[in-house]
2 protein chains.
Amino acid sequence: MSGHAAVKSLQRGELAERTGCNIETVRYYEKIGLLPEPPRTSGGHRAYSSSHERRLRFVIRARELGFSLDEIRELLRLAEERDRPCAEARIVAAAHLQDVRAKIADLKRMERVLKEVVAQCGDGTLPECPLIETLYREPVAK
Amino acid sequence: MSGHAAVKSLQRGELAERTGCNIETVRYYEKIGLLPEPPRTSGGHRAYSSSHERRLRFVIRARELGFSLDEIRELLRLAEERDRPCAEARIVAAAHLQDVRAKIADLKRMERVLKEVVAQCGDGTLPECPLIETLYREPVAK
DNA sequence: ATACGGGCTGTAGTCACTACAGGTTCAAGA
DNA sequence: TCTTGAACCTGTAGTGACTACAGCCCGTAT
């Protein structure tokens with residue numbers, strides 16, 4: 001028995017079902033070259049092996065961490081090269097961590113303002129809505 | 001003098017320059033009906049009035065708070081109706097605040113994991129990269 | 001009079017999917 | 001064996017919020 005991991009192939013949406021990933025999304029990943037093209041049955045249906053599943057799970061988990069598909073492509077390349085990928089992978093992840101922190105900061109700014117205006121609106125019976133006034137107000141009111 | 005705010009019209013990208021909004025974006029907002037079509041010069045150039053600027057600033061500030069263009073459309077409608085808009089505007093803002101908080105929670109989860117794996121990678125000289133292993137690892141390892 | 005910087009329209013590209021339309025295959029039941 | 005119907009197949013178009021371009025026209029300064 002070789003190491004080709006062709007023990008059992010998954011069909012009828014089993015891959016999608018097992019991973020929780022939409023089948024359309026799996027095919028999209030294949031189309032953009034993130035997943036390899038699986039072998040086909042005589043009728044043309046895709047027959048995935050466990051190595052496909054493993055790679056798909058990698059992609060899914062990386063997406064859950066917010067990596068872009070291009071970053072994931074890079075991470076997969078590094079993972080396969082097996083030539084000291086850790087330093088480079090760390091750079092990709094650290095850059096992404098910076099992005100995530102910047103997004104959190106942006107959203108927290110939004111949250112603070114939104115919380116304030118919603119509170120100012122109170123029960124919504126004010127004649128002049130503070131939310132609308134805030135949006136109309138010039139940044140530097142004279 | 002009427003209340004039409006046609007005191008001076010802005011041309012040659014002045015509106016974009018004054019608001020910091022890309023001129024292409026302004027035209028996009030006009031195309032999707034978020035901003036009214038301004039009158040034109042004899043040559044077909046757009047001549048904005050201060051009411052256009054006011055409305056554009058509303059959109060820009062709402063975008064800064066993360067509202068979608070559809071939500072902004074609704075807020076603008078409420079702002080113009082002047083028929084007790086506060087309660088309804090508050091609902092829009094409160095729903096959006098929920099969205100923002102959910103996004104913050106998602107991003108914080110990502111941040112926590114990313115911070116951990118980057119720390120585990122250390123100086124990047126490990127033979128097995130913890131980041132890549134984390135991505136390959138099954139959610140429920142046996 | 002002419003140059004050229006900016007406006008004009010309309011289309012296509014971005015990202016990461018998602019949703020069809022219109023056809024084919026497969027596995028289970030009769 | 002035949003039939004049914006679900007699930008697969010390909011390819012295209014739509015989403016949101018822009019951004020970038022091509023190819024043309026206008027307007028102002030020299």
Side-chain angles (χ1 to χ4, degrees), chain A residues 8-35 37-48 52 55-56 58-76 95-96 99-100 103 106-107 110, chain B residues 9-35 37-48 52 55-56 58-76 92 95-96 99-100 103 106-107 110:
Chain A
K8 198 184 81 175
S9 67
L10 304 166
Q11 281 172 271
R12 297 197 313 278
E14 260 184 281
L15 179 61
E17 200 192 337
R18 284 166 60 100
T19 58
C21 184
N22 191 335
I23 195 167
E24 312 264 35
T25 305
V26 177
R27 297 206 274 251
Y28 170 70
Y29 290 160
E30 181 187 328
K31 189 162 66 178
I32 63 166
L34 214 55
L35 300 179
E37 294 183 19
R40 302 292 184 114
T41 66
S42 56
H45 286 203
R46 289 171 180 79
Y48 298 102
H52 289 96
R55 198 173 163 106
L56 175 56
F58 186 104
V59 174
I60 291 167
R61 287 183 67 79
R63 287 294 297 141
E64 284 168 1
L65 292 179
F67 285 104
S68 73
L69 296 183
D70 267 355
E71 288 167 334
I72 295 171
R73 200 190 301 276
E74 174 73 0
L75 291 174
L76 279 166
H96 177 53
D99 281 2
V100 168
K103 276 188 188 145
D106 279 353
L107 286 165
M110 295 176 194
Chain B
S9 67
L10 304 166
Q11 282 174 270
R12 295 197 315 278
E14 259 184 282
L15 178 61
E17 200 192 336
R18 283 165 61 100
T19 58
C21 185
N22 191 335
I23 195 169
E24 311 265 36
T25 305
V26 177
R27 297 206 275 251
Y28 171 69
Y29 290 160
E30 182 188 326
K31 189 162 66 178
I32 63 167
L34 214 53
L35 300 179
E37 294 183 19
R40 302 293 183 115
T41 65
S42 56
H45 286 203
R46 288 171 180 79
Y48 298 103
H52 290 95
R55 199 172 162 106
L56 174 56
F58 186 104
V59 174
I60 291 167
R61 286 182 68 80
R63 288 295 296 140
E64 284 167 2
L65 291 179
F67 285 104
S68 73
L69 296 185
D70 268 356
E71 288 167 333
I72 295 171
R73 201 189 300 276
E74 173 74 359
L75 290 174
L76 279 166
V92 174
H96 177 52
D99 281 1
V100 168
K103 275 187 189 146
D106 280 352
L107 286 166
M110 295 177 195

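Here is the naming used below: chain letters follow the sequence lines, and residue numbers restart at 1 for every chain. Quick caveat, the model's predicted, so the values are computed rather than measured. The figures that follow rest on heavy atoms only: side chains count, while hydrogens, waters and symmetry mates do not.
A donor-acceptor contact shorter than 3.5 Å is absent between the side chain of A:His96 and the backbone of A:Glu71.
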Considering only nitrogen or oxygen atoms on both sides, find all protein atoms under 3.5 Å from nucleotides 9-12 of chain C and state each distance.
residue: C:dT9; atom: OP1; partner: B:Arg40; partner atom: NH1; Å: 3.4
residue: C:dT9; atom: OP1; partner: B:Arg40; partner atom: NH2; Å: 2.9
residue: C:dT9; atom: OP2; partner: B:Arg46; partner atom: NH1; Å: 3.1
residue: C:dT9; atom: OP2; partner: B:Arg46; partner atom: NH2; Å: 2.7

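Using a cut-off of 4.0 Å between Lys/Arg side-chain N and Asp/Glu carboxylate O, A:Asp70 and A:Arg73 are scored as salt-bridged. No salt bridge links A:Arg27 with A:Glu30; every basic N to acidic carboxylate O contact stays at or beyond 4.0 Å.
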Start with the C-alpha gap between B:Val92 and B:Phe67, add the side-chain angles, then the distance that decides, and say whether side chain to side chain contact (heavy atoms under 4.5 Å, CB included) holds. CA-CA 9 Å; B:Val92 174; B:Phe67 285 104; 4.1 Å; yes
Passes side chain to side chain contact (heavy atoms under 4.5 Å, CB included), B:Val26 versus B:Tyr48? Steps please. CA-CA 11 Å; B:Val26 177; B:Tyr48 298 103; 3.7 Å; yes
What verdict does the side chain to side chain contact (heavy atoms under 4.5 Å, CB included) test give for B:Arg46 and B:Arg40, after you've listed the backbone C-alpha separation in whole Å, the side-chain angles of each residue and the deciding distance to 0.1 Å? CA-CA 5 Å; B:Arg46 288 171 180 79; B:Arg40 302 293 183 115; 3.3 Å; yes
A:Val100 vs A:Leu65, test: side chain to side chain contact (heavy atoms under 4.5 Å, CB included). Steps then yes/no. CA-CA 9 Å; A:Val100 168; A:Leu65 292 179; over 6 Å; no
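Remark: B:Phe58 pairs with A:Tyr136 by the ring pair (Phe, Tyr, Trp, His ring centres under 6.0 Å) rule, at least two apart or across chains.
In this structure, B:Ser42 does not reach the D:dC26 phosphate: none of its side-chain N or O atoms is under 4.0 Å from OP1 or OP2.
Summarising the geometry, atom CG belonging to B:Leu56 is positioned 9.5 Å from atom OG1 belonging to B:Thr25; distances are rounded to the nearest 0.5 Å.
One can place CG of B:Asp99 at 14 Å from C1' of D:dG16, the figure rounded to the nearest angstrom. For the pair B:Glu64 CD and D:dA17 C1', the interatomic distance rounds to 15 Å; values are reported in whole Å. The separation between A:Ile23 atom CD1 and D:dC8 atom C1' is 7 Å, rounded to whole Å. The OH-C1' distance, from A:Tyr48 to D:dC8, rounds to 10 Å in whole Å. Rounded to whole angstrom, the span from the CG atom of A:Leu69 across to the P atom of C:dA16 amounts to 4 Å. One atom, CG of B:Leu56, and another, C1' of D:dC18, lie 14 Å apart when rounded to the nearest Å. One can place NE2 of B:His45 at 4 Å from C1' of D:dC26, the figure rounded to the nearest angstrom. Across the protein-nucleic acid pair, B:Glu37 atom CD and C:dG7 atom P stand 18 Å apart, rounded to whole Å.
Residue-to-nucleotide proximity on DNA chain D shows that, of B:Gly43 and B:Ser68, the 5′-proximal contact is made by B:Ser68.
Each of C:dT25, C:dT18, D:dC18 was ranked by its minimum atom distance to the side chain of B:Arg63; first place goes to D:dC18. Among the nucleotides D:dC26, C:dT18, D:dC18, the one closest to the side chain of A:Asn22 is C:dT18. Comparing atom distances between the B:Thr41 side chain and each of D:dG27, C:dA16, D:dC8 picks out D:dG27 as nearest. In the set D:dA17, C:dG7, C:dT18, D:dA17 carries the atom at the smallest distance from any side-chain atom of B:Tyr28.
End-to-end axis angle of the helix from C:dA1-D:dT30 to C:dA30-D:dT1, from C1' rotation axes over five pairs per end: 20° (rounded to 10 degrees).
In this structure, the side chains of A:Arg55 and A:Tyr29 stay at 4.5 Å or more apart for every pair of heavy atoms.
Looking at heavy-atom distances under 4.0 Å, A:Phe67 makes no contact with the nucleic acid at all.
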